[in-house]
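The structure appears below as structure tokens.
Whatever order the structure lists them in is the order used to number ligands and atoms, beginning at 1.
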Amino acid sequence: MSSSQFPFPTLPANFTLGVATSAAQIEGTAPGDGKGPSIWDAFCATPGKIKDGSDIAVACDHLHRMPEDVERMKWLGLDAYRFSFAWPRVQPLGQDAWNETGFAFYDRLIDTLLDAGIAPHATLHHWDLPQALQESVGGWQSRETAHHFAGYAAEIARRFGDRLASISTLNEPWCVATLGYERGQFAPGLTSRQAAMQVSHHLLLGHGLALQAMRAVAQARPDGRHPQLGIVLNHTPAFAAEKTPADLQAARIADGLDVRWYMDPLFRGAYPADAIEHLGADAPVVQAGDFAVIRQPLDFLGINLYTRQWVSTREPKIPAPEPHGVNDMGWEIVPEVLTQHLVRLTRDYMPPPILITENGMANADVVAGGEVQDTPRVAYVQGHLAAVEKAIALGADVRGYFYWSLLDNFEWDSGYAKRFGLFRVDYDTQARTPKASAHWYRAFIAKHKLSRQG
Ligand code: FCB
């Protein structure tokens, strides 16, 4: 894949280039390793929830193939790797006893990354809540879960804080709350908007409590070595299909429930008034002092951005124009939205340094002669990196980009049918093959590293 067809963007010399994964999507659940079940194990076992009927028992078997997967990251030349801890792997019930076998795996992973010169960026909660907490207290419907989460966060910070570049508390709380508790599409599969909004509040509370707990651990550390602390939000900017009052209002509410619902409490200490009004009786119960806990200073803000949402209130709906097509999930490809959104966040919130913690595309990859020519994915990555370059030129303080994902993996309710990886995974043999996008990203990283010399 030539750089003349997809020219390399120019990013600041200290800009970090990485890839991202998550535990439930790649690790596999080895029997006898002491891991407790997560809500995703339970969800997969419920007929009809996963489109291809698959589960996460093996996934990419990363648990046993970690060293060779880190070799692949080294081959790519990555500066950084974003992974997640599986909470039920290290604390099977989500409270009380720890599982040393689970900690040992992450200990090896972090050391292997450091030996390879790759900075480890960890996420504490990428959706795989211990099933025991779901059964005992209703998962994130309970404030208790927020407190258990802070205990888990402190333990991770104590054990690994001196070797991690960053720790994000939550991955995409909007997905946990809305897809998991309102739309029934994700684990635990509930369908109540009121429950979902209360869950969103408890997630934010858990984030704030976890940051406080991890900062206390960092302050007590004699060596003074501690990771950058932050959160990862998914933003899908809303666009009104027509400039009618109805469409403009619907797009404003969509923005209020997606972007501002999480940004406002984190940066302004309140939920957006228009979204609260829209929710009526479904608005969450907030206790005195909660916003002070939620509004902790952040060392960085992680943004995951894949696409935009097109809001039309007409029947039939006005379809979106498709300037760059759609990916295999049906998500529109619109790289300039990333530029616009980064500039908007900078203007509206004055955030700390931003990391693009996820961006990538599912493609209907075809293997031909042992190779995968995933040209649309190369165009996608190139387009979005160029969008980041533009955002930086317009004043956004963006410090890194993590492609989602290293490997094809378990794409939640889509099972293994949707492929996002730079490496193709053959699930029969677990063989990994670098796609054309992996070769392009590798060449781009090499060129980017050259800019650091001299
Ligand atoms: C994000 C998730 C990630 C992956 C991508 C495609 O919402 O954080 O786990 O599934 O979408």
Side-chain angles (χ1 to χ4, degrees), residues 18-28 38-40 43-44 49-52 54-56 59-60 62 81-87 121-129 168-183 185-187 200 203 207 230-237 258-259 261-262 301-309 326-333 337-338 341 355-365 374 376-377 380-381 384 401-425 435 437:
V19 297
T21 66
S22 91
Q25 294 175 275
I26 64 168
E27 284 182 357
S38 79
I39 57 173
W40 275 92
F43 199 62
C44 291
K49 294 298 184 188
I50 310 300
K51 292 193 187 83
D52 62 3
S54 61
D55 61 36
I56 54 175
C60 302
H62 174 70
Y81 173 53
R82 173 175 178 250
F83 68 97
S84 76
F85 289 97
W87 184 358
H121 291 254
T123 302
L124 297 176
H125 186 55
H126 201 124
W127 308 353
D128 45 357
L129 187 79
S168 299
T169 52
L170 306 173
N171 179 70
E172 304 191 347
W174 180 89
C175 289
V176 176
T178 302
L179 301 183
Y181 290 78
E182 179 178 341
R183 297 193 191 163
Q185 187 185 335
F186 281 5
S200 73
L203 284 160
H207 156 80
I231 187 170
V232 171
L233 303 177
N234 59 306
H235 286 168
T236 310
D258 171 17
V259 176
W261 188 259
Y262 293 92
L301 173 66
I303 295 295
N304 295 354
L305 191 146
Y306 288 87
T307 185
R308 69 174 170 190
Q309 37 179 330
V326 295
N327 77 5
D328 199 32
M329 304 288 286
W331 302 348
E332 258 191 286
I333 299 170
V337 167
L338 182 56
H341 191 63
L355 295 175
I356 304 302
T357 32
E358 284 179 32
N359 171 255
M361 83 174 270
N363 188 48
D365 295 328
D374 57 341
R377 184 175 286 110
Y380 184 96
V381 181
H384 284 82
Y401 173 94
F402 294 77
Y403 178 76
W404 181 274
S405 184
L406 175 68
L407 307 169
D408 292 340
N409 60 44
F410 176 77
E411 180 46 35
W412 310 111
D413 60 321
S414 301
Y416 297 94
K418 301 295 175 189
R419 294 176 178 271
F420 278 87
L422 295 178
F423 284 82
R424 181 177 178 88
V425 175
K435 304 177 190 177
S437 54

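- Here OG of Ser405 is found 8.0 Å from OH of Tyr403. Values are rounded to the nearest 0.5 Å.
- Each of Thr178, Asn304, Thr357 was checked for a side chain to side chain donor-acceptor pair (under 3.5 Å) with Glu172, and the lone residue meeting it is Asn304.
- Looking at Asp328 and Lys418, a side-chain N of the basic residue comes within less than 4.0 Å of a carboxylate O on the acidic one, giving a salt bridge.
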If you apply the rule salt bridge (Lys or Arg N to Asp or Glu O under 4.0 Å), what do you find for Arg82 with Glu358, and how did you get there? CA-CA 9 Å; Arg82 173 175 178 250; Glu358 284 179 32; 2.9 Å; yes
Show the distances, to 0.1 Å, for all pairs joining an N/O atom of ligand 1 and a protein N/O atom that are shorter than 3.5 Å, listing one pair per line.
{"from": "ligand 1", "atom 1": "7 (O)", "to": "Glu172", "atom 2": "OE1", "distance (Å)": "2.5"}
{"from": "ligand 1", "atom 1": "7 (O)", "to": "Glu172", "atom 2": "OE2", "distance (Å)": "3.0"}
{"from": "ligand 1", "atom 1": "8 (O)", "to": "His126", "atom 2": "NE2", "distance (Å)": "3.3"}
{"from": "ligand 1", "atom 1": "8 (O)", "to": "Asn171", "atom 2": "ND2", "distance (Å)": "3.0"}
{"from": "ligand 1", "atom 1": "8 (O)", "to": "Glu172", "atom 2": "OE1", "distance (Å)": "3.3"}
{"from": "ligand 1", "atom 1": "8 (O)", "to": "Glu172", "atom 2": "OE2", "distance (Å)": "3.3"}
{"from": "ligand 1", "atom 1": "8 (O)", "to": "Glu358", "atom 2": "OE1", "distance (Å)": "3.0"}
{"from": "ligand 1", "atom 1": "8 (O)", "to": "Glu358", "atom 2": "OE2", "distance (Å)": "3.0"}
{"from": "ligand 1", "atom 1": "9 (O)", "to": "Gln25", "atom 2": "OE1", "distance (Å)": "2.8"}
{"from": "ligand 1", "atom 1": "9 (O)", "to": "His126", "atom 2": "NE2", "distance (Å)": "2.8"}
{"from": "ligand 1", "atom 1": "9 (O)", "to": "Trp412", "atom 2": "NE1", "distance (Å)": "3.0"}
{"from": "ligand 1", "atom 1": "10 (O)", "to": "Gln25", "atom 2": "NE2", "distance (Å)": "3.4"}
{"from": "ligand 1", "atom 1": "10 (O)", "to": "Glu411", "atom 2": "OE1", "distance (Å)": "2.7"}
{"from": "ligand 1", "atom 1": "10 (O)", "to": "Glu411", "atom 2": "OE2", "distance (Å)": "3.2"}
{"from": "ligand 1", "atom 1": "10 (O)", "to": "Trp412", "atom 2": "NE1", "distance (Å)": "2.8"}

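- Ring-centre distance between Trp40 and Phe186: below the 6.0 Å cut-off.
- For Asn359 (side chain) and Leu305 (main-chain N/O), a donor-acceptor pair under 3.5 Å exists by modelled atom type.
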